[in-house]
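This report refers to the structure that appears directly beneath it.
In what follows, chains are A, B, ... by sequence order, proteins preceding strands, each numbered from 1.
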Amino acid sequence: MADITKRSDDYSRWYQDVIAAGELAENSPVRGCMVIRPNGYAIWENIQRTLDDKFKELGHVNAYFPLLIPKSFLAKEAQHVDGFAKECAIVTHHRLKQTTIDGKITLIPDPESKLEEEYIIRPTSETVIWDQYRKWIQSYRDLPLLINQWANVMRWEMRTRMFLRTTEFLWQEGHTAHATAKEGREETLQMLEVYRWFAEDILAMPVITGAKTANERFAGAVETFSIEAMMQDNKALQAATSHDLGQNFAKAFDVKFQDAEGKVEHVWATSWGMSTRIIGALIMTHSDDDGLILPPRIAGTKAVIIPIWRSDEEMEQVIPAAEKIAAELRPIIGPVHVDKRDKMRPGWKYAEWERKGVPVRLEIGPRDLAGQQVMMAARHDRNKQAVGFTQLATAVPAELDRIQQDLYDRALQRRKEATVQLETWEEFTKLFKGDGGFALCHWCGDGDCEEAIQEKTKVTIRNIPFDRDETEGKCIHCGKSSIGRVLFSQGY
RNA sequence: CGGGGCGUAGCGCAGCCCGGUUAGCGCGCCUGCUUCGGGAGCAGGAGGUCGGGAGUUCGAAUCUCCCCGCCCCGACCA
């Protein structure tokens with residue numbers, strides 16, 4: 001295993017190294033697509049399970065809509081086309097044909113099989129879904145309609161990075177229909193709150209909730225909300241979005257319902273999503289120069305037990321003891337792995353499990369057995385202590401809780417240290433020429449001004465925080481009057 | 001798509017400028033012995049279309065041209 005590049009030497013190489021060393025994902029033969037390996041997919045499965053339970057708790061149900069979308073569907077909502085047309089993969093044929101070019105047998109699309117109407121591979125599913133919703137919704141009794149789907153989507157990106165931006169990615173997309181604008185807005189905000197809870201309580205990733213500016217809004221949305229997290233290089237990452245779609249899609253797809261008074265009206269819609277991108281955020285929030293660090297609540301393996309022995313006799317004592325501890329802990333903390341591999345020495349195993357981010361390691365050898373104890377080590381801060389057998393059932397879960405809290409606290413601390421309020425353009429440019437971070441500044445509200453800032457500095461408005469300071473001031477860039485501060489940062 | 005860097009064993013690299021034995025090193029892998037509480041030691045062994053194609057040459061990893069891929073920086077974006 002090659003060494004992991006230090007964060008301070010080259011942050012993007014560090015990121016790639018952590019993914020390789022943790023065996024999370026690899027590049028595929030297709031540019032921009034990735035193979036998610038079992039260690040990486042286990043994280044996604046836990047994300048799915050936790051979010052899915054929450055969605056269902058709130059009354060949503062899952063369904064599945066097709067990968068291919070008739071090209072004409074995308075064209076129905078003007079802003080939507082504008083947003084996605086330039087990054088769509090298109091299916092034009094349905095058959096291949098063998099042919100010989102320069103003496104080599106090769107395959108070409110059979111010209112005879114050209115499709116009448118071409119299909120696009122979904123970049124998101126609003127259009128297919130709303131085309132169906134038209135058939136399912138007639139009365140206010142059909143509302144609200146609360147559907148989620150787990151799927152893959154494709155956006156043909158120019159530049160890709162593992163998890164953060166891949167041509168194909170996995171996500172969930174919720175699509176709901178409501179009888180009133182108020183209900184639609186409430187759903188949008190409720191789901192944003194679900195994402196905030198998930199990021200902060202499960203992933204130990206502090207986020208800033210707020211509204212996107214008009215420029216940054218989802219194509220076809222009336223209002224877009226986001227949660228924004230800070231990575232260890234001080235850049236912002238949008239960790240999830242929730243959109244109030246108003247009646248835009250209902251109008252484009254003619255989805256109407258009759259209310260209790262007999263009045264016919266278009267329905268109100270929302271959509272919200274979190275993708276495999278969040279795994280990139282998770283990596284960049286917690287991991288260190290020795291590799292991946294996973295918060296206990298999302299880690300596939302909560303603890304790994306390393307039995308230590310020399311002779312066969314010792315092995316026969318130590319392994320059953322390790323198995324017994326694992327069996328005792330599993331009902332309390334979840335998956336526990338006993339690393340029984342022979343030939344590998346304990347130190348090697350420690351290093352390997354550290355690279356893979358397992359939160360807690362328990363070491364048990366002959367000396368521990370004699371003392372009826374194990375050594376318990378935390379991945380994130382190297383804290384190591386002896387724990388008596390009788391204490392395990394309380395000490396291990398307590399340690400996992402401590403780790404979860406510690407990871408959140410230290411991420412929050414980092415964000416606090418890299419968040420400032422700025423008043424002048426000089427301070428602003430100086431900050432983003434240097435270490436960067438989050439800057440809370442006044443902004444006039446003009447989209448052209450926002451674009452000008454981005455062109456000059458590559459800094460964007462991440463969102464307009466809900467809990468922002470609303471005292472009046474002067475726009476950081478143009479000096480015009482402003483009614484409150486917004487969150488500026490360089491973003492992923 | 002522009003600018004820069006890189007493609008040689010599973011991984012990391014040397015060799016290339018100045019063409020010439022059988023293409024080398026470290027890690028990993030296989031076998032054996034000794035080891036084993038923080039990445040073990042010794043011995044033996046397996047593993048290569050030198051990214052692909054064309055050309056120059058008696059001879060190409062090495063020189064020339066074209067192509068492909070990867071990484072970084074920009075334009076685009078979740």
Integer angstrom distance from the P of B/C68 to that of B/U21: 34 Å

Distance between C1' atoms of B/G15 and B/C25 (Å, rounded): 11 Å

Ring-face cation of A/Lys6 near A/Trp14 (centre distance under 6.0 Å, axis angle within 45°): no

C1' atoms of B/C63 and B/G69, separation to the nearest Å: 23 Å

Sugar-phosphate, base or nothing in reach of A/Thr166, heavy atoms under 4.0 Å: base

Atom C1', compared across B/A78 and B/G55: separation rounded to whole Å: 47 Å

For atom CE of A/Met344 and atom P of B/G28, their distance in whole Å: 10 Å

Residue A/Arg277, side-chain atoms from C-beta onward, closest of B/C73, B/A78, B/G37: B/A78

Nearest listed nucleotide, side chain of A/Lys458, among B/G37, B/G74, B/G39: B/G74

Within residues 344-368 of chain A or reaching into it, pairs that qualify as ring-ring contact (aromatic ring centres under 6.0 Å, His included) - sequence neighbours excluded: A/His337-A/Trp353

Closest listed nucleotide, where the reference is the side chain of A/Ser275 and the choices are B/A75, B/C36, B/A78: B/A78

Cationic N near anionic O, under 4.0 Å, A/Arg361 to A/Glu354: yes

Contact under 4.0 Å: A/Arg13 side-chain N or O vs B/C72 OP1/OP2: no

Rounded distance (nearest 0.5 Å) linking atom OG of A/Ser12 with atom CZ of A/Arg161: 5.0 Å

Distance test, side-chain N/O of A/Asn27 to OP1/OP2 of B/C71, below 4.0 Å: yes

Interatomic spacing from CG in A/Leu51 to CE in A/Met274 - rounded to 0.5 Å: 5.5 Å

Opposite nucleotide pairing with B/C25, Watson-Crick or G-U, both atom distances under 3.5 Å: B/G12

Sugar-phosphate, base or nothing in reach of A/Met375, heavy atoms under 4.0 Å: base

Complement of B/G48, any strand, by Watson-Crick or G-U distances under 3.5 angstrom: none

Gap between atoms CD and P, on A/Glu87 and B/C1 respectively (whole Å): 18 Å

Within 45° cone of A/Phe432 ring axis and under 6.0 Å: A/Lys430 NZ or CZ: no

Mutual orientation of the aromatic rings belonging to A/Phe249 and A/Phe253 [parallel < 30°, tilted 30-60°, perpendicular > 60°]: parallel

Assigned partner base of B/A54, Watson-Crick or wobble definition, under 3.5 Å: B/U64

Interatomic distance where CD1 belongs to A/Ile306 and P belongs to B/G39 [whole Å]: 14 Å

Between B/C16 and B/G53 - P atom distance, rounded Å: 24 Å

Please produce a list of atom pairs where a protein N or O lies less than 3.5 Å from an N or O of nucleotides 2-5 of chain B.
none

Span that lies between the P atom of B/C36 and that of B/C42, in whole angstrom: 16 Å

Members of residues 210-239 of chain A that approach RNA chain B, where some heavy atom sits under 4.0 Å away: A/Gln238

Rounded interatomic separation in angstrom, taking CE from A/Met162 and C1' from B/A78: 18 Å

Residue list, ring-ring contact (aromatic ring centres under 6.0 Å, His included) with A/Tyr133, at least two apart or on another chain: A/Trp130, A/Trp136

ring-ring contact (aromatic ring centres under 6.0 Å, His included) pairs, two or more places apart, involving residues 308-329 of chain A: none

Separation of A/Asn383 CG from A/Asp406 CG (nearest 0.5 Å): 9.0 Å

Counterpart base for B/G74, defined by Watson-Crick or G-U wobble contacts under 3.5 Å: B/C1

Sugar-phosphate, base or nothing in reach of A/Ser12, heavy atoms under 4.0 Å: sugar-phosphate

Nucleotide nearest A/Gln16 (side chain, heavy atoms from C-beta), chosen from B/G38, B/G37, B/C72: B/C72

Residue mapping more 5' on RNA chain B - nearest nucleotide basis, A/Ala351 or A/Leu164: A/Ala351

Gap between atoms CD and C1', on A/Glu316 and B/C36 respectively (whole Å): 17 Å

Pair A/Glu45 + A/Arg49, salt bridge at N-O below 4.0 Å: no

Pairwise 5' ranking along RNA chain B for A/Arg462 and A/Arg31, keeping only the more 5' one: A/Arg31

Residue pairs, two or more places apart or on separate chains, that pass ring-ring contact (aromatic ring centres under 6.0 Å, His included) and touch residues 203-230 of chain A: A/His80-A/Phe218, A/Phe84-A/Phe218, A/Phe218-A/His243, A/Phe225-A/Phe466

Complementary nucleotide for B/G69 - Watson-Crick or wobble, under 3.5 Å: B/C6

Selection from B/G37, B/C72, B/C76 that lies nearest to any side-chain heavy atom of A/Arg345: B/G37

Protein-nucleotide distance (A/Glu352, atom CD; B/A40, atom C1'), rounded to Å: 16 Å

Separation of B/G37 P from A/Asp339 CG (nearest whole Å): 14 Å

Phosphate-side-chain proximity, A/Arg159 and B/C73, N/O vs OP1/OP2 below 4.0 Å: yes

Base paired to B/U31 (Watson-Crick or G-U; both N/O distances under 3.5 angstrom): B/A43

Between B/C30 (P) and A/Lys343 (NZ): distance, integer Å: 9 Å

Sugar-phosphate, base or nothing in reach of A/Arg361, heavy atoms under 4.0 Å: base

Sugar-phosphate, base or nothing in reach of A/Glu455, heavy atoms under 4.0 Å: nothing

Pairwise P distance, B/G28 and B/C65 [rounded to whole Å]: 41 Å

B/G19 pairs with, by Watson-Crick or G-U criteria that keep both distances under 3.5 Å: none

Point-to-point distance, once rounded to the nearest 0.5 Å, from OG1 of A/Thr460 to CD of A/Glu450: 8.0 Å

Distance between C1' atoms of B/U49 and B/U8 (Å, rounded): 12 Å

Side-chain-base donor-acceptor pair under 3.5 Å for A/Glu354 and B/G38: yes

side-chain N/O A/Arg367 vs B/G37 OP1/OP2, d < 4.0 Å: no

